[in-house]
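Computed from heavy atoms alone, side chains included, the values below leave out hydrogens, waters and symmetry copies. Just so we're on the same page: letters track the sequence lines, and every chain starts at 1.
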There are 2 protein chains.
Amino acid sequence: MPKVTEEHKKKRRREILDVAKKVFIKQGFQATTMSDIVSASNMSRGGVYSYFSTTDEMYKAIIAENDQSFEAYFQNLMQMKSYWNALLIYLDDLERSAYDDVREGFGIVAYEYLVMTWREKERIQFFKDRVDQYIKLFAGLIESGVKREEFHPVQSSEAIALMIINTNDAVYLLSMTVGADKARVKDQVKSLKIYLRYVLQVKHIE
Amino acid sequence: MPKVTEEHKKKRRREILDVAKKVFIKQGFQATTMSDIVSASNMSRGGVYSYFSTTDEMYKAIIAENDQSFEAYFQNLMQMKSYWNALLIYLDDLERSAYDDVREGFGIVAYEYLVMTWREKERIQFFKDRVDQYIKLFAGLIESGVKREEFHPVQSSEAIALMIINTNDAVYLLSMTVGADKARVKDQVKSLKIYLRYVLQVKHIE
DNA sequence: ATATTAAATGACAACAGTGTCGTTTTTTAT
DNA sequence: ATAAAAAACGACACTGTTGTCATTTAATAT
């Protein structure tokens, strides 16, 4: 084909990213070759290469989309009347997804990428930015709660935010590798709740 | 050379493992080829192959040694009069090593391996066993504390143990990728202390 | 000293994955 | 219809890695 609409190109790009995401999740980032994605797509080698010339580019595109949709989900949480309730719902969702669909999610791919590539200096900024972005979200929620006098934290919002993120990560990682039961997801979420209720000094609970 | 003592073979094996460990830490597990290790060693390709035929075997050997030395360290902790103090020392060590030598440690390689290989069914048992092993250590410490009426936990020892392990992991992982400061190691350790003091209901503190 | 044994060597064939590029195909404009 | 443009194709040369094996070398036994 030839001189084609922008729309068509966007669609092609989408198709490739969808295929790539599936393949990444199924067999891991590093184990995925360009050839794998070419085979899984219904395009030719050259065709795929004209959109993305490395799996790394694909990863970056997918993770950006993922982060964006997490932000949307998070904005939704922020609409709630009670920020504590928002946190509880977040924790519920975490628990549920650890049981239900961790293994179908892109999360593990993100870990794999992180753990595999942190040695390359030029990527460190990328990771730092992502950490900041996520800290900002949760710290923002906490500070909003403080303004409304729902929370009276005994630690900095950032420290608490990071604890949430870290526990989230740990729960996901372990669930994926040894299963949600063995990872004691329920217990871990409960532990985080215990910690949060204490450090946030939550008023008007539940 | 030829028909050589067991001792000599052990030494050779050691040499190879030492080299492999260095290379793994420097460039990551997956990025390390047999050829890399051959070059880094002062043996020939065939020589190395006669001891280990994959990097996977090397990894398994190294991680076993690592786990063993962690157990030794832990047994040491268990000798202390106060189990709470033992935990505090453990947390101190965690904090210190996150600042000082995370990047020289084998920990990140272990993550990489975990995250890269969990899809292979036959490895899941390996991971499960390791998790159990570590839970057992910490849960054991907690239970000893209970027997001595130092602790009066409000959660199961295993759940608490896992929270320690998870935080440990998260702190290491983040420290390595974005640095100990950005990972707010001090804060995270403090958070864990807060959590522990509450769930363990520690008596005779410090 | 010499023979025996096996440890160690390194060249090599086989394989997997990459990136390119001349060719084909299809769309749009005329 | 036809021409022009570029999207898509896929064969291919290239590179890096692996595992092997005939050969060399050195330790031990006699």
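Put simply, NZ on B:Lys9 is 15 Å from P on D:dA27, counting in whole angstrom units. Distance B:Met43 CE to D:dG19 C1': 16 Å, rounded to the nearest Å. In this structure, A:Asn42 places its CG atom 18 Å from P of D:dA7, rounding to the nearest Å. What separates CD of A:Glu7 from C1' of D:dA7 is a distance of 17 Å, to the nearest Å. In this structure, A:Asp56 atom CG and C:dT18 atom C1' are separated by 15 Å, rounded to whole Å. Rounded to whole angstrom, the span from the CZ atom of B:Arg12 across to the P atom of D:dT25 amounts to 16 Å.
DNA chain D lies under 4.0 Å from at least one heavy atom of each of the following residues of residues 45-55 of chain B: B:Arg45, B:Tyr49, B:Ser53. Residues from residues 15-41 of chain B that place a heavy atom under 4.0 Å from any atom of DNA chain D, listed by number: B:Thr33, B:Met34, B:Ser35.
Expressed to the nearest 0.5 Å, how far CZ of A:Arg14 lies from NZ of A:Lys10 amounts to 10.5 Å.
For A:Tyr51, the ring pair (Phe, Tyr, Trp, His ring centres under 6.0 Å) criterion is met by no residue, not counting sequence neighbours. Partners of A:Phe126 according to the ring pair (Phe, Tyr, Trp, His ring centres under 6.0 Å) rule, which considers only residues two or more places apart in sequence or in another chain, do not exist here. Not a single ring pair (Phe, Tyr, Trp, His ring centres under 6.0 Å) links A:Phe127 to another residue, sequence neighbours left out. For B:Tyr90, the ring pair (Phe, Tyr, Trp, His ring centres under 6.0 Å) criterion is met by B:Phe138, not counting sequence neighbours.
In terms of modelled atom types and a separation under 3.5 Å, the side chain of A:Arg123 and the main chain of A:Trp118 share no donor-acceptor contact.
Between the side chains of B:Ser82 and B:Glu150, a donor-acceptor pair is found at a separation under 3.5 Å.
Taking the side chain as every heavy atom from C-beta outward, A:Val48 and A:Ser41 approach each other to under 4.5 Å.
Both tests hold for B:Lys186 against B:Tyr99: distance to the six-membered ring centre under 6.0 Å, angle to the ring axis within 45°.
Within the structure, a side-chain polar atom (N or O) of B:Ser44 is placed less than 4.0 Å from OP1 or OP2 of C:dT9. Of the side-chain N and O atoms in B:His8, none sit less than 4.0 angstrom from OP1 or OP2 of D:dA26.
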